[in-house]
Amino acid sequence: KFIQENTVNNDLAYSYYEIFKVTMENNEKVLTKVNEIVNAGSYEIHLTENPNYVFKESNILEVKVSKQVVSPKLSQTSAMYTGNEILIGFITKDALDGTLSNLVVDYNIYFGDEIVDSIKNVGTYKIITTVVDDNYEGNSELEFEVLKANYQNIVHPDIFVTYDEALNL
């Protein structure tokens, strides 16, 4: 593979390379050979020089690929009280091209100052999110509101009561 071409005296000097993913294990740098740089992280590109030329640059290039920052949003910000748990969903958009991403979003739900397991009762909930992904990072503080349900008078057609009569159900 060629990473660089240099013209010297109308002749070409080529640098061949190998790519290594850099990780740390027990405070020791570990290099793992990879075919290409794909994900966020640290990499080293080790150049192998053409023996016919002298290169002044270092033979190791360090490359750091940063995670893309996203801010999760709620797919809806409110719902009517139903008496059941209300499930929430998140939308994450890539900042570069605006495409939707299916990222894992960890979150905690707060009702007042307390962490709760679910959203159910009327009120405003605070949701703190954290994106969990190798290539994306981000967090957000969101609000979700459960609205009071509309009260409906329910009249059973078979119940008629006269004043001073007992109601037996």
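What you see below is based on every heavy atom in this structure, not just the backbone, and it leaves out hydrogens, waters and symmetry mates.
- Annotation: side chain of Phe90 is not in contact with side chain of Leu103 (no heavy-atom distance under 4.5 Å).
- Using a distance-only test at 3.5 Å, with no hydrogens or angles considered, a donor-acceptor pair links the side chain of Thr129 to the main chain of Ser140.
- Residue Val104 shares its hydrophobic cluster (ILVMFWY side chains chained together at separations under 4.5 Å) with Val132.
- Closest approach of Glu85 to Leu87, counting heavy atoms only: OE2-CD2, 3.7 Å.
- For Glu44, the side-chain hydrogen bond (donor to acceptor under 3.5 Å, both in side chains) partners two or more places apart in sequence, or in a different chain, are Lys29, His46.
- Panel note: side chain Lys67, backbone Asp133; a donor-acceptor pair is recorded below 3.5 Å.
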Side-chain donor-acceptor distances from residues 70-81 under 3.5 Å, at least two apart:
from	atom 1	to	atom 2	distance (Å)
Ser75	OG	Gly89	O	3.2
Gln76	NE2	Ser78	O	3.2

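- More than 12 heavy-atom neighbours from other residues, nucleotides or ligands sit within 6.0 angstrom of CD on Glu145.
- Residues forming a side-chain hydrogen bond (donor to acceptor under 3.5 Å, both in side chains) with Lys33 (at least two apart in sequence, or on another chain): Glu18.
- Other residues, nucleotides and ligands contribute at most 12 non-hydrogen atoms within 6.0 Å of the CD atom of Glu28.
- Linking ILVMFWY side-chain heavy atoms closer than 4.5 Å, directly or via other members, places Val63 and Ile19 in a single hydrophobic cluster.
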I would like to know whether Val34 and Glu36 meet side chain to side chain contact (heavy atoms under 4.5 Å, CB included); could you show each step before the answer? CA-CA 6 Å; Val34 295; Glu36 59 187 344; over 6 Å; no
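- One distance of note links CD of Glu143 with OH of Tyr110; it measures 14.0 Å at 0.5 Å rounding.
- Considering all non-hydrogen atoms of both residues, Ala40 and Lys21 come closest at O-NZ, 3.0 Å.
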Quiz: residues 114-128 side-chain donor-acceptor pairs under 3.5 angstrom, not counting sequence neighbours:
from	atom 1	to	atom 2	distance (Å)
Lys120	NZ	Gly83	O	3.4
Tyr125	OH	Lys120	N	3.4
Tyr125	OH	Asn121	N	3.1
Tyr125	OH	Asn121	O	2.9

Take Ile37 and Val65, measure what side chain to side chain contact (heavy atoms under 4.5 Å, CB included) needs, and give me the verdict at the end. CA-CA 9 Å; Ile37 297 174; Val65 179; 3.6 Å; yes
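- Residues Phe20, Val22 make up the rest of the hydrophobic cluster containing Leu31, defined by ILVMFWY side-chain heavy atoms closer than 4.5 Å, directly or through other members.
- Asn108 pairs by the side-chain hydrogen bond (donor to acceptor under 3.5 Å, both in side chains) definition with nothing, not counting sequence neighbours.
- In this model, no donor atom of one side chain and acceptor atom of the other lie less than 3.5 Å apart for Asn39 and Asp134.
- Both Leu142 and Ile109 sit in one connected hydrophobic cluster of ILVMFWY residues. Membership requires side-chain heavy atoms under 4.5 Å apart, directly or through other members.
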Intermediate values then yes/no, side chain to side chain contact (heavy atoms under 4.5 Å, CB included), Phe144 and Ile88: CA-CA 9 Å; Phe144 187 91; Ile88 56 175; 4.0 Å; yes
